[in-house]
Amino acid sequence: MIGDGTRGAVVADARVFQEDWVPGDMHHRDAELNLMASALKPVVEGDPGTELLLTGPSGTGKTCSAKYLLGKLRERVLDIETQYVNCWSDYTRYRVLFRILDGLDSAEAIRNRSSASDLLERLREVDIPVVVILDEVDQLAESAVLYELYELPHVEMVLISNGEAEVLAGIDDRLQSRLRTATRVSFDRYGTDALVSILEQRAQKGLQPDVVGRSELEAIARAADGNARNAIAVLRSAAQLAESRDLDGIAEAIVDDAVSDAQTRVRRTLLEKLNDHQRVLYDVIASDEPIAPGDLYDAYEETVEEPRTKRTLRTYLTKMEQYSLVVAEGSAQGRRYRTGDPGPDDR
DNA sequence: GCTCCACCGGAACGCCGGGTCG
DNA sequence: CGACCCGGCGTTCCGGTGGAGC
């Protein structure tokens, strides 16, 4: 097998199970896709369209639908650019603009000493329509950039967030009122049947023939609670577990193990994103939960050689809370921290 | 070719207002 | 009310970078 080291007895193409994989045809999101397509239609004809605002719980196909639709758009339209930005990792004005230009310009056109204003100017000079997906837009620290992008007539924004309130909370009034005309599309959790059909699609593309049956997929779908991302992650874990155990298929008995394996994988991935100080904080909480803020800082201070200040720890804890690695309960003196479960719910 | 310096983004952090529990 | 905690905001510091001057 040339150029493909991913084949095994069970897994045929591991790429299908990666989070950013976009299927060739979307299932169960026809109504949402139609709404989105009609909002983007003027853009294709060179007119400004209305901004799109996609909301709904995680794992309901918001990102996938947006990427899918923009992919289709690029197939049909020559003079259009699309770009995906995840505001979770690119949360500053500079990084958002850089990411957008990154997909448009040749890389060397962006000099490292360019300021954010330079980048905005460069984007202003682009002479074809640009459709930008801004995923997890509520994570943006400098939301003023949204207004700057809105002001560019040839830039069309697709904003994605769990809830509308989260988006509107951080942005200034001018943009808030203008976003009232945005096309809103809300995504609901998938039903079990829909999840099974999504899993079937992935299995057909990513697994060897006949290694998993419908009843196993149903078991996985039921465990996923309407969340396609989780369902696919569990299927991936199940396939890898089956392979490592030298089985020739995915039996229902393996599903429970696959669920916890997928959770472990998520947690490990998140923990790897923490710096040393944040990791110490997590370990302190894990070893002595629930723990009061004062005690947490004392324990941290004893462990680390050059401790950060309390103010910085608060910033760290907020971040870890957003990852769902940490849960904070109560307020003021009643505050307690404990470890959380990254998984079904949002980060 | 080398050094110095101006400038950038981003992290750390001090300050402080506001909220809340005991 | 007092002690404690959170988080927004402005400032400072630092590493990276590349151009000016020698």
Ring geometry between A:Y190 and A:H28 (parallel below 30°, tilted from 30 to 60°, perpendicular above 60°): perpendicular

Below 4.0 Å: OP1/OP2 of B:dG10 and any side-chain N or O of A:Y91: no

A:S115, nearest nucleotide to its side chain (from C:dG7, B:dA12, B:dC8): B:dC8

For atom CD of A:E142 and atom C1' of B:dG9, their distance in whole Å: 9 Å

Sugar-phosphate only, base, or nothing, as touched by A:G294 at under 4.0 Å among non-hydrogen atoms: sugar-phosphate

Distance, rounded to the nearest Å, where A:Q322 contributes CD and C:dG7 contributes P: 9 Å

Residues, nucleotides or ligands: over 12 heavy atoms within 6.0 Å of A:E306 CD: no

Sugar-phosphate only, base, or nothing, as touched by A:T92 at under 4.0 Å among non-hydrogen atoms: sugar-phosphate

Side-chain N,O (A:Y337) to OP1/OP2 (C:dC6) below 4.0 Å: yes

Whole-Å gap separating P (C:dC14) and CD (A:E306): 12 Å

Value in whole Å for how far the C1' atom of B:dC13 lies from NZ of A:K310: 14 Å

Heavy atoms from other residues, nucleotides or ligands near CG of A:D298 exceed 12 (cutoff 6.0 Å): yes

Gap between atoms CZ and P, on A:R335 and C:dC5 respectively (whole Å): 10 Å

Closest to the A:S331 side chain, choosing from B:dC21, C:dC5, C:dG7: B:dC21

Protein-nucleotide distance (A:E329, atom CD; C:dC5, atom P), rounded to Å: 16 Å

Sugar-phosphate, base or nothing in reach of A:R311, heavy atoms under 4.0 Å: base

Donor-acceptor pair (no angle test) under 3.5 Å: A:R314 side chain, C:dG8 base: no

Distance below 4.0 Å between A:T318 side-chain N/O and C:dG7 OP1 or OP2: yes

Whole-Å gap separating P (B:dG10) and CZ (A:F98): 11 Å

Crowding at CG, A:N275 (>12 non-hydrogen neighbours, <6.0 Å): yes

Nearest-neighbour nucleotide for the A:R95 side chain, B:dC13, B:dA11, C:dC4 considered: B:dA11

side-chain N/O A:T309 vs B:dC13 OP1/OP2, d < 4.0 Å: yes

Touch class at under 4.0 angstrom, heavy-atom based, for A:Y297 against every strand present: nothing

Residue A:D47 excluded, over 12 heavy atoms near CG under 6.0 Å: yes

Nearest-angstrom distance from the residue atom CG of A:D295 to P of C:dC4: 12 Å

